[in-house]
Amino acid sequence: MFYASRGTDWNEVAAVLRGVHPLWMLSVVAMSLACHAIRAERWRVLLRPVGRPLWVHAFASTLVGFGANSVLPFRLGEIVRPAMLTRRSGIAMSSGVSS
């Protein structure tokens with residue numbers, strides 16, 4: 001994060017954030033959560049032949065995996081996501097990765 005944010009004018013960032021319209025920000029957050037919820041449900045459907053993970057486990061794993069993609073190189077969040085689901089629901093890692 002240090003290298004990604006070095007040279008950033010934090011006063012300018014704060015000024016931009018003060019100008020944000022709260023309704024638009026809430027709309028973006030709601031749409032983002034809805035997209036991740038749909039992805040989690042789609043993943044559960046793909047995993048039906050090997051198991052039925054709880055929706056909350058699939059949703060949490062999806063959020064963590066996409067978050068990891070934001071900070072880890074080489075899209076390693078695509079490995080973090082099924083690894084987290086494996087720990088929470090017992091789905092085989094190979095099934096999670098292949099889905």
Side-chain angles (χ1 to χ4, degrees):
M1 293 305 284
F2 170 76
Y3 291 112
S5 64
R6 85 180 155 190
T8 301
D9 182 0
W10 292 105
N11 290 326
E12 187 176 335
V13 171
V16 168
L17 289 176
R18 280 191 294 274
V20 170
H21 296 281
L23 185 60
W24 284 111
M25 185 178 306
L26 287 173
S27 299
V28 168
V29 169
M31 289 303 295
S32 179
L33 288 173
C35 287
H36 287 300
I38 291 167
R39 285 183 176 130
E41 184 57 31
R42 179 186 64 196
W43 195 24
R44 288 182 68 224
V45 169
L46 290 171
L47 288 170
R48 277 186 190 159
V50 294
R52 295 189 180 266
L54 294 175
W55 182 84
V56 68
H57 292 162
F59 183 64
S61 299
T62 300
L63 289 177
V64 169
F66 275 86
N69 273 336
S70 298
V71 296
L72 296 175
F74 311 118
R75 293 187 56 90
L76 288 174
E78 298 301 327
I79 302 300
V80 171
R81 184 171 50 97
M84 186 172 169
L85 187 68
T86 295
R87 290 187 64 190
R88 290 181 172 226
S89 67
I91 301 288
M93 180 72 171
S94 59
S95 298
V97 170
S98 66
S99 64

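Side chains are part of it too, since the values below use all heavy atoms of this structure and drop only hydrogens, waters and symmetry mates. None of the values given here were measured: they were computed from a predicted structure. The first residue in the sequence is number 1, and the count goes up from there.
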In the single-linkage hydrophobic clustering (I, L, V, M, F, W, Y; side-chain heavy atoms under 4.5 Å), do [X] and [Y] co-cluster?
X   : Y   : result
V71 : I79 : no
I38 : L46 : no
M25 : V13 : yes

Problem - Pair listing, side-chain hydrogen bond (donor to acceptor under 3.5 Å, both in side chains) test, anchored in residues 73-95, at least two apart - result: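 Counting only pairs at least two positions apart or across chains, the side-chain hydrogen bond (donor to acceptor under 3.5 Å, both in side chains) contacts touching residues 73-95 are N69-E78, R75-E78, E78-R81.
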Handout entry: Within residues 52-65 or reaching into it, pairs that qualify as side-chain hydrogen bond (donor to acceptor under 3.5 Å, both in side chains) - sequence neighbours excluded
Key = none
Problem - For the student: nearest non-hydrogen atoms of I91 and G96, plus distance - result: CG2-N, 4.3 Å
Practice task
Step by step, work out the ring pair (Phe, Tyr, Trp, His ring centres under 6.0 Å) result for H36 and F66.
Solution key: CA-CA 9 Å; H36 287 300; F66 275 86; 5.0 Å; yes
Problem - Chi angles and distances behind the side chain to side chain contact (heavy atoms under 4.5 Å, CB included) call for F59, V64 - result: CA-CA 9 Å; F59 183 64; V64 169; over 6 Å; no
Practice task
Taking the side chain as every heavy atom from C-beta outward, state whether L85 and W43 have any atom pair closer than 4.5 Å.
Solution key: yes
Handout entry: Any residue meeting salt bridge (Lys or Arg N to Asp or Glu O under 4.0 Å) with R44, in chain and number order, not counting sequence neighbours
Key =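 R44 satisfies salt bridge (Lys or Arg N to Asp or Glu O under 4.0 Å) with E41 only.
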Problem - Separation between OG of S99 and CZ of R42, rounded to the nearest 0.5 Å - result: 9.5 Å
